[in-house]
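No experiment lies behind these values; they were computed from the predicted model shown. Numbering of residues begins at 1 and proceeds along the displayed sequence.
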Amino acid sequence: MKAISRVEGRAYPVGLKNIDTDVIIPAVWLKTISRAGLGKGAFESLRAVPGNVFDDPEYAGAPILIAGDNFGCGSSREHAAWAMADLGISAVIAPSFSDIFSGNAFKNGLLAIVLPQAAIDRLMEVARTDDIHIDLETQTVTTPFQDRFEFDIDPFRKHCLINGVDEIGLTLKSSDAISVYEAKLSADRPWLAPNPV
């Protein structure tokens, strides 16, 4: 997982409430286990509307998405986080997230920030003309107009995102301790040891 401490740039000012995972990545795109190329299907139904922000050159490559309440609701699909990352999005700011989406986002290095609706309204306004800056270290979202919004994040999630460590990486950091434990277990209880093939 790529480390993330700051995200800055343009933001897609979407603002819609209840964007479910089928809107983020339609089911037809779920036939793959590869993360590559899913950005093409990201927000497909919204992109079908003429003049949408995702196809506006002004927002091309925007690393931030500003959404409405209950972002990522609906079915559990990790492909939603994959598609957003493949589209180039590193952070989503919304008043609330589905628990499952929030977990999938974190596990895939996508920063999900909860801010009150008043902050979302202001960021939507700024996003139409200027960059937005997110600093995970200080847990702030700022704008060129001196707006400053603080957000909460679980300390464990913050640590993992800043250090680019996912669950596999955390396990690998303990590989020496795991090996010692397994060797001791094999010595103490040889009947539990796997049979050689």
Side-chain angles (χ1 to χ4, degrees), residues 2-21 23-25 38-74 80-99 101-106 108-155 157-158 160-162 164:
K2 189 175 97 177
I4 178 172
S5 61
R6 286 193 176 89
V7 181
E8 45 193 17
R10 295 303 300 270
Y12 294 109
V14 178
L16 298 173
K17 295 180 179 182
N18 301 313
I19 293 181
D20 67 30
T21 52
V23 171
I24 298 170
I25 187 73
L38 287 176
K40 291 182 226 162
F43 303 100
E44 192 172 65
S45 62
L46 298 179
R47 291 167 108 171
V49 177
N52 71 83
V53 296
F54 293 103
D55 294 329
D56 185 333
E58 190 173 338
Y59 300 102
I64 303 166
L65 184 140
I66 302 169
D69 205 26
N70 200 26
F71 186 83
C73 58
W82 295 354
M84 291 178 67
D86 195 54
L87 188 61
I89 296 170
S90 298
V92 185
I93 307 171
S96 68
F97 293 91
S98 150
D99 286 344
F101 175 82
S102 180
N104 284 337
F106 158 65
N108 288 281
L110 185 65
L111 178 58
I113 297 172
V114 174
L115 287 177
Q117 188 62 52
I120 298 297
D121 294 342
R122 174 61 180 151
L123 291 173
M124 287 283 293
E125 183 182 336
V126 171
R128 296 187 202 293
T129 57
D130 290 273
D131 289 357
I132 291 173
H133 306 272
I134 299 168
D135 188 325
L136 182 54
E137 300 259 2
T138 62
Q139 296 176 212
T140 56
V141 178
T142 58
T143 74
F145 306 103
Q146 307 308 311
D147 299 295
R148 180 182 173 89
F149 306 106
E150 295 182 358
F151 61 89
D152 292 327
I153 185 169
D154 176 81
R157 287 186 172 187
K158 179 179 178 178
C160 289
L161 289 168
I162 286 175

Item to check | Lys158 side chain to Glu137 backbone, donor-acceptor under 3.5 Å | outcome: yes
Item to check | Polar side-chain atom of Asn52 near backbone of Val49 as donor-acceptor pair, under 3.5 Å | outcome: yes
Nearest 0.5 Å, what's the [atom1]-[atom2] distance between [X] and [Y]?
X	Y	atom1	atom2	answer
Leu110	Ile4	CG	CD1	7.5 Å
Ile153	Leu111	CD1	CG	5.5 Å
Ile25	Lys40	CD1	NZ	11.0 Å
Ile89	Phe43	CD1	CZ	5.0 Å
Ile93	Ile66	CD1	CD1	5.0 Å

For [X] and [Y], which heavy atoms make the closest approach, and how far apart are they?
X	Y	value
Ala67	Pro95	O-CD, 3.5 Å
Ala127	Ala11	CB-O, 3.6 Å
Ile132	Ile64	O-CD1, 3.6 Å
Gly72	Thr21	O-CG2, 3.6 Å
Asp131	Val126	O-CG1, 4.1 Å
Ala42	Leu87	CB-CD2, 4.1 Å

Return all side-chain donor-acceptor pairs below 3.5 angstrom for residues 12-20, not counting sequence neighbours, or 'none' if the list is empty.
{"residue": "Asn18", "atom": "OD1", "partner": "Asn70", "partner atom": "ND2", "Å": "2.9"}
{"residue": "Asp20", "atom": "OD1", "partner": "Asp22", "partner atom": "N", "Å": "2.9"}
{"residue": "Asp20", "atom": "OD1", "partner": "Val23", "partner atom": "N", "Å": "2.9"}

Is there a side-chain contact between [X] and [Y] in this structure, where contact means two heavy atoms from C-beta onward sitting under 4.5 Å apart?
X	Y	result
Phe101	Met84	yes
Phe71	Leu65	yes
Leu136	Leu161	yes

List for me each residue that meets side-chain hydrogen bond (donor to acceptor under 3.5 Å, both in side chains) alongside [X], sequence neighbours excluded, and say none if there are none.
X	result
Asp130	none
Thr140	Thr138
Thr143	Asp147
Ser102	Arg157

Checklist entry - Got a sec, which residues hit ring pair (Phe, Tyr, Trp, His ring centres under 6.0 Å) with Tyr59, two or more places apart in sequence or on another chain? => result none
Next on the checklist: Can you confirm whether Asp152 is buried at CG, in the sense that more than 12 heavy atoms of other residues, nucleotides or ligands lie under 6.0 Å from that atom?
Outcome noted: no
Checklist entry - Can you name the salt bridge (Lys or Arg N to Asp or Glu O under 4.0 Å) partners of Arg6, sequence neighbours left out? => result Asp135
Checklist outcome for this item: Residues passing the salt bridge (Lys or Arg N to Asp or Glu O under 4.0 Å) test with Glu125, sequence neighbours excluded, are Arg122
Checklist entry - Can you pull the side chain to side chain donor-acceptor pair (under 3.5 Å) pairs that have at least one residue in residues 85-96, sequence neighbours excluded? => result Asp69-Ser96
Checklist entry - Going by the ring-ring contact (aromatic ring centres under 6.0 Å, His included) test, which pairs reach into residues 120-154, not counting sequence neighbours? => result none
Item to check | Set of side chain to side chain contact (heavy atoms under 4.5 Å, CB included) partners for Asp99, sequence neighbours left out | outcome: none
Next on the checklist: Tell me which pairs pass salt bridge (charged side-chain N to carboxylate O under 4.0 Å, His left out) where either residue lies in residues 49-65, with sequence neighbours left out.
Outcome noted: Arg10-Glu58, Arg47-Asp55
